[in-house]
Amino acid sequence: INNDSFLSILNSLDKLKKFLLDKGIEIIDLTGKKYDDSLNIDVLSVLHGKTKFATISETIEPMIKHNDHIVKRAKVIITK
């Protein structure tokens, strides 16, 4: 894929994201966020590493919200 095609794809994704946000739909990638038991997510796997606190190391499926209500829980892998 060349640079022009890549930039075109990024532009289209930005437009799609804005459209969804205008409709109250938010797609949330939790990768890199601190894990907390109170998060409304599905943990698929727990990896053990040398971290000070549990972290979401990979988002398998993002969380989807509509008007701040969760309509689809995220599926994640955490490292602790």
Side-chain angles (χ1 to χ4, degrees):
I1 187 167
N2 64 35
N3 193 42
D4 288 340
S5 295
F6 181 73
L7 292 175
S8 178
I9 291 169
L10 285 179
N11 186 40
S12 295
L13 288 173
D14 285 341
K15 288 179 183 179
L16 178 60
K17 185 175 181 179
K18 183 183 180 325
F19 173 80
L20 291 173
L21 284 173
D22 288 346
K23 301 297 180 190
I25 298 169
E26 187 177 6
I27 299 172
I28 304 165
D29 180 356
L30 298 169
T31 303
K33 306 287 186 196
K34 185 176 178 181
Y35 174 74
D36 181 325
D37 286 335
S38 68
L39 291 172
N40 195 2
I41 60 177
D42 296 327
V43 176
L44 301 179
S45 182
V46 178
L47 305 175
H48 298 282
K50 296 179 181 179
T51 60
K52 292 184 178 185
F53 50 85
T55 304
I56 298 171
S57 51
E58 185 176 353
T59 299
I60 304 301
E61 294 181 16
M63 177 183 289
I64 300 176
K65 288 185 174 183
H66 181 253
N67 295 329
D68 291 324
H69 293 93
I70 296 172
V71 294
K72 184 175 176 296
R73 292 164 49 123
K75 293 181 179 5
V76 301
I77 296 173
I78 65 170
T79 301
K80 61 180 182 177

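We use all heavy atoms of the structure for the numbers below, so side chains are in, but hydrogens, waters and symmetry mates are not. Throughout, residue positions are numbered sequentially from 1 according to the sequence presented.
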Mind checking whether [X] and [Y] sit in one hydrophobic cluster, side chains of I, L, V, M, F, W, Y counted as touching below 4.5 Å?
{"X": "I28", "Y": "I78", "answer": "yes"}
{"X": "I64", "Y": "F19", "answer": "yes"}
{"X": "V43", "Y": "I56", "answer": "yes"}
{"X": "Y35", "Y": "V46", "answer": "yes"}

Straight-line distance of [X] [atom1] to [Y] [atom2], nearest 0.5 Å:
{"X": "I25", "Y": "L16", "atom1": "CD1", "atom2": "CG", "result": "9.5 Å"}
{"X": "D68", "Y": "E26", "atom1": "CG", "atom2": "CD", "result": "7.0 Å"}
{"X": "R73", "Y": "D42", "atom1": "CZ", "atom2": "CG", "result": "4.0 Å"}
{"X": "I27", "Y": "L21", "atom1": "CD1", "atom2": "CG", "result": "8.5 Å"}
{"X": "K34", "Y": "T55", "atom1": "NZ", "atom2": "OG1", "result": "8.5 Å"}
{"X": "K50", "Y": "T79", "atom1": "NZ", "atom2": "OG1", "result": "13.5 Å"}

> Short question: side chain of S12, backbone of S8 - any donor-acceptor pair under 3.5 Å?
Replying inline: yes
>> Minimum heavy-atom separation for H66 and V71, please, with both atom names.
In response: CB-CG1, 4.0 Å
> How far apart are the closest heavy atoms of I1 and S5, and which atoms are they?
Replying inline: CG1-CB, 3.6 Å
>> Does K75, at its NZ atom, have more than 12 non-hydrogen atoms belonging to other residues, nucleotides or ligands within less than 6.0 Å?
In response: yes
> More than 12 foreign heavy atoms under 6.0 Å from NZ of K72: is that the case here?
Replying inline: yes
>> Quick one, T59 with T31, criterion side-chain hydrogen bond (donor to acceptor under 3.5 Å, both in side chains). Give me CA distance, side-chain angles, the key distance, then yes/no.
In response: CA-CA 5 Å; T59 299; T31 303; 2.9 Å; yes
> So, do I9 and L13 sit near enough that their side-chain heavy atoms are less than 4.5 Å apart?
Replying inline: yes
>> So, applying side chain to side chain contact (heavy atoms under 4.5 Å, CB included) with M63, which one of D29, I41, L39 is it?
In response: I41
> Between K18 and D14, is the closest basic N to carboxylate O distance under 4.0 Å?
Replying inline: no
